[in-house]
Amino acid sequence: MKQINFVTPISKQTKSEVYRWIVISGLLTLAVVLFIGISVFAQCYHYSLLRAEKKQVMADHSQCTLVLQTQKEKDEINNSRSERLTQLQRYQHQPESITRNLRSCNQAIGTGALQSCTLSKKSIELAYKSATISHAQNIIQKLQTVPSISNLQLVALQRQNNGVMSTVRAEVSG
């Protein structure tokens, strides 16, 4: 090869090496670009599949949540109804138990001796007349045998003209 204007020409071997380098670099670049493109496409495809699956799961979840909420509301309604029924049954039987308690107390005290009676939910206070203090103590012992009465206490004992006025307080059950 001749030199033209003091420039040394490139040899054919160097030209072929440069050509091979450009071709191999181009092929490698193309392979890398293809690999990145395929990877991005695969990621996008998986992402779209996951989004569709998430949408389906959310729809199922909202349906299950609605069913659970409806079931919870039904349970609350049933619980409130059963509580009301229990309260009604308790109230329905309460007058009988009060009457039974008063009747048994009146039988223990004796006819005509009961002067006053104060009732509350959990306690009862009775005031009764008796001829003597020992008779009042016997009545207290009889009242202790009444099954629905507990913790009987003598609150007051007053002597009157013709006898003794006794006041007792007790807890009532049932």
Side-chain angles (χ1 to χ4, degrees), residues 35-174:
F35 177 75
I36 290 173
I38 291 170
S39 297
V40 168
F41 175 76
Q43 292 296 324
C44 290
Y45 178 71
H46 286 295
Y47 179 73
S48 66
L49 286 179
L50 287 176
R51 276 187 68 187
E53 189 176 333
K54 178 184 175 187
K55 189 184 271 186
Q56 180 65 33
V57 167
M58 291 303 286
D60 292 345
H61 180 264
S62 64
Q63 180 68 22
C64 290
T65 304
L66 182 64
V67 168
L68 285 175
Q69 185 178 7
T70 306
Q71 184 65 33
K72 188 182 266 186
E73 289 172 359
K74 285 181 182 178
D75 289 344
E76 288 175 2
I77 290 171
N78 286 340
N79 286 340
S80 67
R81 283 182 181 167
S82 65
E83 287 175 13
R84 283 190 224 144
L85 182 63
T86 304
Q87 288 175 348
L88 286 173
Q89 288 174 345
R90 200 175 327 137
Y91 178 75
Q92 193 174 21
H93 298 297
Q94 187 177 9
E96 293 176 8
S97 65
I98 292 172
T99 307
R100 188 175 357 104
N101 289 341
L102 285 175
R103 217 179 267 135
S104 59
C105 289
N106 196 22
Q107 287 174 354
I109 291 172
T111 312
L114 185 62
Q115 297 294 312
S116 70
C117 175
T118 306
L119 289 172
S120 69
K121 282 186 174 183
K122 304 264 181 193
S123 66
I124 185 169
E125 188 172 303
L126 302 169
Y128 60 92
K129 268 188 174 178
S130 57
T132 63
I133 293 176
S134 63
H135 187 254
Q137 290 173 340
N138 289 339
I139 291 174
I140 289 174
Q141 289 176 351
K142 286 180 185 178
L143 285 173
Q144 287 177 341
T145 61
V146 175
S148 59
I149 291 179
S150 62
N151 295 335
L152 188 71
Q153 298 173 350
L154 180 63
V155 176
L157 190 63
Q158 297 175 339
R159 187 170 290 278
Q160 292 185 341
N161 303 351
N162 53 355
V164 177
M165 180 65 114
S166 302
T167 304
V168 293
R169 187 176 298 145
E171 292 179 7
V172 178
S173 62

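The chain is numbered in sequence order, starting from 1. A quick note: this is a predicted structure, and the numbers were derived from the prediction, not measured. Computed from heavy atoms alone, side chains included, the values below leave out hydrogens, waters and symmetry copies.
For E171, the salt bridge (charged side-chain N to carboxylate O under 4.0 Å, His left out) test picks out no residue, with sequence neighbours left out.
Here the CG-CZ distance, from N79 to R81, works out to 11.5 Å after rounding to the nearest 0.5 Å. Atom CG of L157 and atom CD of Q137 lie 8.0 Å apart (nearest 0.5 Å). Distance check: S80 OG to Q87 CD gives 10.0 Å after rounding to the nearest 0.5 Å. Between atom CG of residue L143 and atom CG of residue N138 there is a gap of 11.0 Å, rounded to the nearest 0.5 Å.
No more than 12 heavy atoms of other residues, nucleotides or ligands sit less than 6.0 Å from atom CD of E53.
Taking 4.5 Å as the limit, every side-chain heavy atom of T167 sits out of range of all side-chain heavy atoms of Y128.
The two atoms that bring S130 and H135 nearest to each other are CB-ND1, 3.2 Å, heavy atoms only. Residues T132 and S134 approach most closely at OG1-OG, 3.1 Å, considering heavy atoms.
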Q) Between L154 and I140, is a side-chain contact (heavy atoms from CB on, under 4.5 Å) present by the stated rule, with each step listed? A) CA-CA 8 Å; L154 180 63; I140 289 174; 3.7 Å; yes
Q | Derivation and outcome, side-chain contact (heavy atoms from CB on, under 4.5 Å), residues M58 and K54 | A | CA-CA 6 Å; M58 291 303 286; K54 178 184 175 187; 4.2 Å; yes
Q: Could you check S123 against V172 for side-chain contact (heavy atoms from CB on, under 4.5 Å), going step by step and ending with a plain yes or no?
A: CA-CA 5 Å; S123 66; V172 178; 5.6 Å; no
Q) Could you go step by step and tell me if Q160 and K129 meet the side-chain contact (heavy atoms from CB on, under 4.5 Å) rule? A) CA-CA 9 Å; Q160 292 185 341; K129 268 188 174 178; 3.4 Å; yes
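Sorted pairs that involve residues 66-80 and meet salt bridge (charged side-chain N to carboxylate O under 4.0 Å, His left out), not counting sequence neighbours, are lacking altogether.
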